[in-house]
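So you know, we letter chains A, B, ... as the sequences are listed, proteins then strands, and number each from 1. Note that the structure is a prediction, hence the values are computed from the model and not measured.
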Amino acid sequence: MSITHLLFWFLTVLALGSALMVIFSKNPVHSILWLIGTFFAISGHYILLNAQFLAIVNIIVYAGAIMVLFLFVVMLMNLNTSAIPVKNKWLGFAGVISGGCLLLVLTAALKDTAVMRNDVQMNTGDIGLIHNLGMVLFKDYVLPFEVSSVLFLSAMVGAMIIGKKDTNETS
Amino acid sequence: MAAIILAAIWGVVMMFSGLYIKNKAMAKYIAVTGILVLLLVNALEYYNIWRIDFDVRGLQKFTAFGTVFNTIAFGATLLYFLLNGKEFEEVGKDVFDYYALIFFSLCGVTLVSSFNSLLMLFLGIELISIPMYILAGSDKRNLKSNEASLKYFLMGAFSTGIMLMGIAFLYGATGSFYVGAPNTPGMEPMVAIGMVFLLIAIAFKVSAAPFHFWTPDVYDGTPTVFTSYMATVVKVASFIGFLKLFDGAFGKSHGEWQLLVAILTAATLFIGNITAVFQQSVKRMLAYSSIAQAGFMLLSVFSLNTFGREGLIIYAAAYSIASIGSFAVLIKLKDHSIEGFNGLAKSHPFLALMNVVFLLSLTGIPATAGFFAKYYVLMGAIKSGQHLWLVIFAVLMAAVSAYYYFRVIQAMYFKEGTPEVKPVSGAYKTTLWVAAVLIILIGLFPSVLTKALYA
Amino acid sequence: MSNLVYLVPLFPLIGFLINGLARNSLSKGMTSVIGSGVILASFVVSILLFLQVKEGNAVTVTLFDFINTGKLSIPFSFQVDQLSSIFLLVITGVGFLIHLYSTAYMHEESNAHFARYFAYLNLFVFSMLLLVMGGNYLIMFIGWEGVGLCSYLLIGYWFKNNDYSNAAKKAFIMNRIGDFGFLLALFWMIQHFGSLTFGEVFARADGMNMNDTVLVGITLLLFLGATGKSAQIPLYTWLPDAMAGPTPVSALIHAATMVTAGIYMIARSNILYTLAPVTQGVVAVIGLATAILAATIALKQNDIKKVLAYSTVSQLGYMFLGLGVGAYTGAVFHVMTHAFFKALLFLGAGSVIHAMHHEQDIRNMGGLKKHLPVTHWTFLIGCIAIAGIPPLSGFFSKDEILAAAFSANVVYWVIGVLGAVMTAFYMFRLYATTFLGKFRGTHEQEHHLHESPAAMTWPLIILAVLSVVAGFVGIPAVLGGSHELQQFLAPVFAGSVKLQEAHHLDHATEYILMGASVGAAALAILYAVSRFSKKPDLEEASGFGKLLQNKWYVDELYDAVIVKPLRGMSAFLNNVVEKLGIDGAVNGVGKLVHYGARQLRLLQSGQVGIYLLMMVIAAFVLFIIQLFVK
Amino acid sequence: MDPKDVLITFPELLLWFPLISGLIAFTLKNGNSAKNWAVTSSFISLAIAVTSLFFMDSGKYFNLNNVSYYWMPSIGSSFALKYDGMARLLVMLNAVAFPLVFLSTYKQNYKNPNSFYGLMLLTQAGLAGVFCAMDALVFYFFWELALIPVYFLSSIWGGERRIQATFKFFVYTFAGSLLLLVGIIYVYLRTPEQSFSLNAFMQASIPAVQGKFIFWLFFIAFAIKMPIFPFHTWQPDAYEQSPTGVTMILSGVMVKMGIYAVIRWLIPVFPAQTAAFADLIIWLSVIGMLYASFLAWQQNDLKRLIAYSSIAHIGLMCAAIFARNESGLDGVMVQMFNHGVNVIALWIVVELIERNYGTRKISELGGLAATAPTLTVFLVVAALANIALPLTNAFIGEFLMFNGLFEYGKAVTAIALVSIILAAVYTLNMIQKVFYGEANMSLAGVGAPVLGKGAITALAVIVVIIFAAGVYPRPMLELTQDSVNLFFNKLKGL
Amino acid sequence: MTIQHYIFLAVALFSIGVIGVLTRRNIIIIFMCIELMLNAVNLLLVAFSKMHSLAATAADAASKAGTEGQIFVFFIMVVAAAEVSVGLAIIVMMYRNTHSVDVNFLNRLKH
């Protein structure tokens with residue numbers, strides 16, 4: 001039981017636990033906080049896998065930007081009081097069941113295939129380092145990079161169109 | 001390549017011209033210019049006269065198939081702009097931005113029509129979808145529009161997640177994102193899982209039952225002018241992606257998943273056609289009919305052979321033109337229920353006649369493009385030799401489809417009434433006429449399209 | 001002479017066309033001249049032909065290929081031989097007289113209708129000529145259907161009266177039932193003999209052995225046709241109703257010519273029948289049964305024409321009996337004589353009706369003797385002739401048949417004679433009630449009573465003469481005659497005669513038979529005259545009489561057993577099977593789709609949660625199918 | 001004439017001419033000019049059809065009667081028309097029918113006539129295409145195209161229940177033809193060199209089991225069109241609701257499409273399967289004959305009565321075809337033409353009655369013979385032809401067909417023959433109720449029957465045809481001989 | 001660690017996300033659950049990339065195999081960010097009109 005294993009199991013429990021809390025905590029704000037927790041756990045996993053770049057980006061983009069945005073919206077609508085109950089019993093129940101079934105099917109399909117035994121390169125290897133990724137990203141992946149910029153552009157335009165108050169609507 | 005770049009650039013152009021040009025009417029002309037430019041560069045590329053080329057590391061692969069499809073998509077969009085310029089202005093004040101978004105989505109379309117890597121497929125589909133989320137909600141004060149956009153967005157994002165899971169599994173199995181990577185005869189579980197995830201995600205995009213639920217609501221809630229675009233260009237683009245993906249990635253293991261597609265097809269045909277029968281609103285009816293048509297297009301994926309591919313191209317053209325035309329007529333009417341069409345033949349014989357052509361084409365009557373569209377995909381399906389029952393089922397459903405398309409014709413020609421119709425310009429009429437002529441031409445000589453694939 | 005042949009049917013056809021097309025512009029005079037003239041013309045031609053045939057040269061003339069496909073080739077050809085030439089004479093001759101008679105009888109009709117009447121009559125003669133001249137069964141069938149059509153048209157001549165048109169319809173449909181058999185027989189012949197031409201068919205049939213199934217089948221089917229046309233059991237009921245038509249029509253079609261088509265046809269195909277004794281038995285029994293049944297009914301009829309109609313049926317029965325026992329000559333002979341005296345009787349009746357202003361019930365007549373002398377005497381002759389009193393024609397022909405019947409089977413003879421006696425009885429009941437005693441009609445009827453015009457009386461007289469003398473062409477050997485008719489017809493029946501075992505009665509027996517029948521008939525006559533000239537039975541019949549008067553309720557029986565069930569069935573098919581069953585199924589599909597639509601759209605609940613749930617479930621199912629089912 | 005310098009072939013002429021003149025008719029705004037245009041055009045077509053009869057010798061005038069150029073080489077479909085005997089016969093029927101229809105309905109004033117006559121001429125073109133097509137795809141093309149104008153004609157100018165009735169008719173036949181389409185594609189994919197030509201279809205190697213299945217795809221489509229029991233229920237409604245002019249085309253020419261298709265496209269392509277199912281189909285048809293006759297007996301609407309009676313006739317034709325012998329097929333050939341002409345005559349009379357007396361209900365009519373003798377004569381002649389009285393044209397056909405059927409089976413023929421009795425029953429019933437008896441004075445136009453010259457001419461012509469073809473049928477029989485021989489050569493596997 | 005640990009972890013997270021989407025009514029939380037699904041995918045991709053790189057480096061130490069996996073994760077994050085911006089805008093718009101974030105609040109469009 002090496003340290004890596006311990007860390008792996010710890011982070012896994014953390015991730016799953018806080019993920020469950022996300023969906024079961026009544027109060028949206030709590031959900032958000034738990035989600036952030038999950039993200040940290042996942043970032044931990046990244047570090048464990050020696051993918052520092054992604055670990056950092058994950059913290060910055062997700063836990064940092066996105067989640068704050070969520071928090072901001074929730075506060076804006078001041079939904080911090082546990083406003084909405086879970087939807088009607090059997091529907092929630094059905095949701096859990098079907099979700100669980102999906103999990104079962106996948107695991108059942110995968111559990112005894114040869115691939116599963118493959119080892120994963122832990123906390124070594126330099127592909128996850130920013131230097132390497134940067135090279136690849138700007139050499140081989142220029143096109144998608146540009147495309148994603150266009151994507152952002154459209155998202156931005158959209159956010160503006162949707163978000164901004166129409167002048168005629170004030171009148 | 002040039003088309004991709006230009007589409008993106010023109011989107012930006014539209015945005016900025018929005019800042020400086022106050023006259024909304026201008027937007028239409030700029031957009032039309034843009035489309036014409038796109039068509040031009042596309043043609044140049046097709047005939048190898050001039051093309052932008054730089055090493056994309058094999059992320060994209062430009063084929064005649066893709067280019068021909070681009071032409072169809074741009075052409076359809078051109079018709080669409082020409083027919084709906086007025087309505088753009090009625091939706092809201094950000095006219096230029098609407099056009100910009102449509103150009104961005106066109107950029108996505110061009111990506112999807114030529115992707116060679118799952119990454120590009122993913123980006124392309126996102127680039128198509130995100131503008132649509134917004135356009136769906138562009139009529140901000142209208143709760144229906146809000147609802148449409150919300151539903152579209154939530155379910156769209158969900159399906160994105162599913163698609164990514166699929167891609168991840170394929171990557172895990174093959175160690176590469178290139179389309180050809182998993183293309184091997186057998187199918188190990190991990191690939192199978194990835195395939196099913198992808199299938200679900202794309203089935204959602206092309207609104208194949210039982211992943212179609214968003215379609216009627218979204219199409220219904222979205223401002224009609226944008227529904228017309230969503231239901232045509234976007235949908236057929238997703239189909240091209242679908243076909244290219246399953247052709248490239250799982251072509252060799254066709255037999256493994258044909259049954260799944262068969263089931264999806266049957267379900268789509270059934271739900272689309274049967275449910276459309278009862279609709280009172282023509283807009284919603286067209287939404288369901290678009291599901292039904294998707295069922296037929298699925299046949300091409302199901303058969304995955306030459307006829308299927310040619311069929312999908314013809315279908316893309318026939319379906320897009322006919323639907324855009326039909327929507328363009330619908331949009332001119334105040335009342336979107338079937339009764340709204342009563343007596344149209346008397347008050348506006350031209351509109352009625354054109355609409356008849358489009359509806360006949362959608363039904364698949366010979367001498368209209370719709371016939372050969374259906375004809376080719378059926379031929380493909382029969383050729384594939386599997387599941388003949390599916391074909392029989394399909395044609396019976398086509399017979400059902402006659403039922404609801406002809407209800408509109410009956411309303412226009414055989415019922416008395418005085419429909420309120422917005423004023424229609426001469427240009428509008430001309431464009432409509434051109435669309436109808438195109439339908440007939442393809443209906444008489446489909447070879448023009450099919451031949452182009454092999455030039 | 002072959003160039004003459006086609007003239008025979010041509011003349012009436014021309015007459016038909018002229019009278020038919022120009023009926024609105026022709027005067028009655030013109031119509032009569034054309035109508036009767038054409039018949040006279042073809043009568044003349046027929047005589048020429050007859051003489052030619054008598055010389056011994058029968059001919060077959062082919063006009064053109066009618067149907068000619070692959071194996072099957074049917075020419076449009078005429079055959080004039082001994083048999084057909086006799087019929088030609090009878091048809092055109094009697095036909096002419098009746099046309100003549102009609103010119104006066106139908107005079108009250110308007111021009112157009114008058115012309116229409118003659119058009120029909122000419123058309124009838126045309127078809128009848130086709131029937132007897134046809135060189136093959138198909139041409140015969142054409143005429144066969146043609147005469148049926150004409151009888152339909154003529155019975156329904158006064159179309160305003162629904163009973164009349166009903167009678168016409170009945171006649172046509174019953175004939176169609178007969179044609180059903182006839183056609184089947186034709187197809188069978190084509191299949192088996194590969195031809196319909198008389199010569200070839202008979203030649204190929206000759207070799208076949210007795211009672212071959214094919215032959216029996218064909219002959220029975222042909223006979224079915226005959227029962228329809230010649231009013232035999234079970235298809236006889238139309239003939240009495242057919243009296244709805246104008247009386248000359250009854251005389252021509254329903255007594256002299258058309259109804260004898262069946263006899264002609266069987267006589268024509270005598271080989272086939274001789275080769276199928278089974279069928280012959282059937283023919284004989286049916287004929288006899290019809291003869292006796294009709295006779296019984298005739299006993300109690302009070303409508304002058306109905307009595308004659310039933311007597312016709314009964315006489316036809318005798319002819320079939322004759323055919324059945326192989327006395328083809330006798331049958332043809334009786335056809336001829338019967339044509340004369342029955343036409344005479346009908347025309348006489350017509351003259352009476354004419355005088356009585358369309359009164360047909362003999363209970364309102366009586367004592368017409370002094371008012372209508374010519375009619376009276378000719379009618380009397382007719383009665384004696386039909387009653388079979390020597391030396392009038394009826395005696396010879398009927399006696400020949402009875403003799404043959406006796407040698408075939410004594411029972412036939414006994415019943416035959418019984419029928420003959422009845423015939424004598426009801427004919428003279430009719431005669432006495434009509435002409436003897438005192439007048440019972442209304443006063444103005446009596447006041448208007450007068451002898452008919454010459455155009456009507458002359459035909460009567462001629463026919464009377466013929467009914468007297470016609471018998472002499474067939475005086476049997478036993479009476480020292482040398483049956484010319486038999487010799488004349490010999491070539492036609494040669495084949496059959498060769499096959500039949502020659503049965504010969506010694507003269508003693510023959511005398512006894514003649515004596516018996518004639519005596520019985522004479523007694524019946526005396527009784528009838530003595531009884532009905534004094535007090536005719538005017539009161540409604542009762543008991544058994546009622547049964548007879550109502551024709552054994554056969555019509556009612558048919559109606560209850562056949563017509564009503566069929567109507568019911570068709571109504572059922574229309575209202576239940578079609579509307580609910582088949583069409584219901586078709587519309588049901590539509591309804592189903594609608595219902596499905598209404599249910600399916602509820603799936604579209606509008607709640608994202610449910611949509612997503614369904615997606616996930618569907619995904620789950622797809623995974624199961626992909627990963628585990630396959 | 002030298003094969004080289006053929007400008008245009010007869011089949012093309014007979015196809016394009018009505019098409020173009022139909023399109024022109026649409027543009028004619030003035031109602032009367034449209035009407036006259038249509039009449040003229042129909043007569044020109046007739047003239048062409050008649051002229052074509054003088055260029056029959058397939059050896060000498062091959063290039064005049066056959067045409068074929070590539071349409072979609074990629075999938076081996078070429079625009080091939082052939083003008084053989086059967087095609088001639090039916091095109092002739094088509095060419096004869098339309099002038100008759102236009103003449104007889106000349107008095108009738110339809111609302112916006114230009115579209116009415118335009119659509120009519122389009123229908124004529126479509127039918128001509130169906131009858132000449134030698135390429136399955138072309139055939140299917142016209143098969144559908146002929147349907148669309150008729151749909152509009154019936155739905156726009158029809159009776160009060162027209163929309164449902166014609167819609168049922170449309171969807172029913174459309175479903176059928178879609179099945180046909182599947183069948184065609186299936187066979188096509190199994191043709192030697194992937195071609196749609198009839199010959200290729202005849203050589204297609206169709207596996208036994210699927211063959212049975214595909215056979216039914218074809219047959220059902222044709223059976224619906226004919227229609228034979230139990231696929232007939234669209235017909236009475238459609239006939240009843242369509243304007244009589246259209247009904248004439250529907251029952252006179254269109255139903256022949258089904259029969260024609262069976263002879264040309266079904267049996268030669270599926271000889272084995274035909275042999276397997278002949279019994280079933282023949283019995284079906286025969287049952288249908290009796291069934292329809294019984295129903296005709298019950299009808300109170302003249303149009304429905306004629307509809308059912310024609311179902312009965314079609315049933316006989318179908319049975320005779322599947323008896324698969326020469327006599328039967330010859331009968332069918334002549335009967336296709338003759339039935340077309342006769343039934344048109346019946347419709348014309350119905351049309352006149354309806355126009356003069358304002359009703360088609362047998363129960364409301366009566367005694368017309370007194371008031372309208374001419375009409376009566378015509379109807380009686382037509383009716384007698386309808387029940388196949390000798391020396392009328394229908395007799396030849398029915399005689400040959402029954403004869404052919406008899407070769408196939410005695411019992412079935414006996415049963416089928418019952419229908420001639422039933423035919424007499426319902427026809428005479430109708431004649432009696434409508435024409436005989438006392439005139440029904442409640443009728444609107446009693447005593448004042450208006451027979452247009454056009455109608456009289458049309459009827460007179462038909463009567464002439466009836467007797468001419470009835471007395472001297474040989475030309476017609478010889479006309480179709482080549483098609484018949486081809487048919488049997490195929491069956492014999494030559 | 002072997003790959004299966006990561007696969008099961010990722011699939012578990014993914015399923016939890018799905019369950020969340022199915023069970024909650026608050027749009028924002030549904031949206032968050034979707035993000036959770038995406039993260040599951042990211043984790044899986046990284047794990048795979050490391051798996052492949054291990055396999056590749058075994059053969060050739062200098063191999064950069066597996067990089068594309070992590071690049072892909074990067075793009076997923078990009079797209080996710082874009083989606084979030086649009087999505088939140090839509091949610092805000094809806095809230096502005098209805099003052100509710102209940103996903104079932106809006107169901108005018110049905111049948």
Derivation of the side chain to side chain contact (heavy atoms under 4.5 Å, CB included) call for E126(B) and V147(A): CA-CA 10 Å; E126(B) 282 305 309; V147(A) 169; over 6 Å; no

Heavy-atom pair with the smallest gap, counting every atom of I161(A) and K140(B): O-NZ, 2.9 Å

Nearest heavy-atom neighbours spanning I162(A) and G137(B): CD1-O, 3.9 Å

Whether over 12 other heavy atoms sit under 6.0 Å from K61(B) NZ: no

Residue F96(B) versus chain A: region with a heavy atom under 4.5 Å: neither

V12(B) portion near chain A, given a 4.5 angstrom heavy-atom threshold: side chain

Portion of M14(B) that has a non-hydrogen atom of chain A nearer than 4.5 angstrom: neither

Heavy-atom pairs under 4.5 Å with chain B, option from L151(A), D140(A), V150(A) with the top count: D140(A)

L127(B), part contacting chain A, at a heavy-atom distance under 4.5 Å: both

Proximal component of F169(B), with respect to chain A [non-hydrogen, under 4.5 Å]: side chain

Euclidean distance, F145(A) CZ relative to L123(B) CG, rounded to 0.5 Å: 12.0 Å

Heavy-atom pairs under 4.5 Å with chain B, option from T113(A), L110(A), N118(A) with the top count: L110(A)

Heavy-atom pairs under 4.5 Å with chain B, option from L153(A), V142(A), V115(A) with the top count: L153(A)

Engaged part of L111(B) at the chain A interface, taking heavy atoms whose separation is under 4.5 Å: side chain

ring-ring contact (aromatic ring centres under 6.0 Å, His included) involving Y62(A) - partner list, sequence neighbours excluded: F39(A)

Spacing of L102(A) atom CG and M165(B) atom CE [to the nearest 0.5 Å]: 9.0 Å

Nearest-0.5 Å distance that lies between atom CG in D94(B) and atom NZ in K164(A): 3.5 Å

Heavy atoms of other groups near Y20(B) OH, more than 12 under 6.0 Å: no

Part of M120(B) lying under 4.5 Å from any heavy atom of chain A: side chain

CE on M156(A) to CD1 on I134(B), rounded to 0.5 Å: 10.5 Å

Contact summary for P131(B) and S154(A), nearest pair of heavy atoms: CG-CB, 4.3 Å

ring-ring contact (aromatic ring centres under 6.0 Å, His included) against F104(B), all qualifying residues, sequence neighbours excluded: none

Option that, when pairs with chain A are counted at under 4.5 Å, heavy atom only, ranks first among V196(B), I193(B), V56(B): I193(B)

Distance in Å, M160(A) CE paired with M15(B) CE, rounded so as to fall on 0.5 Å steps: 9.5 Å

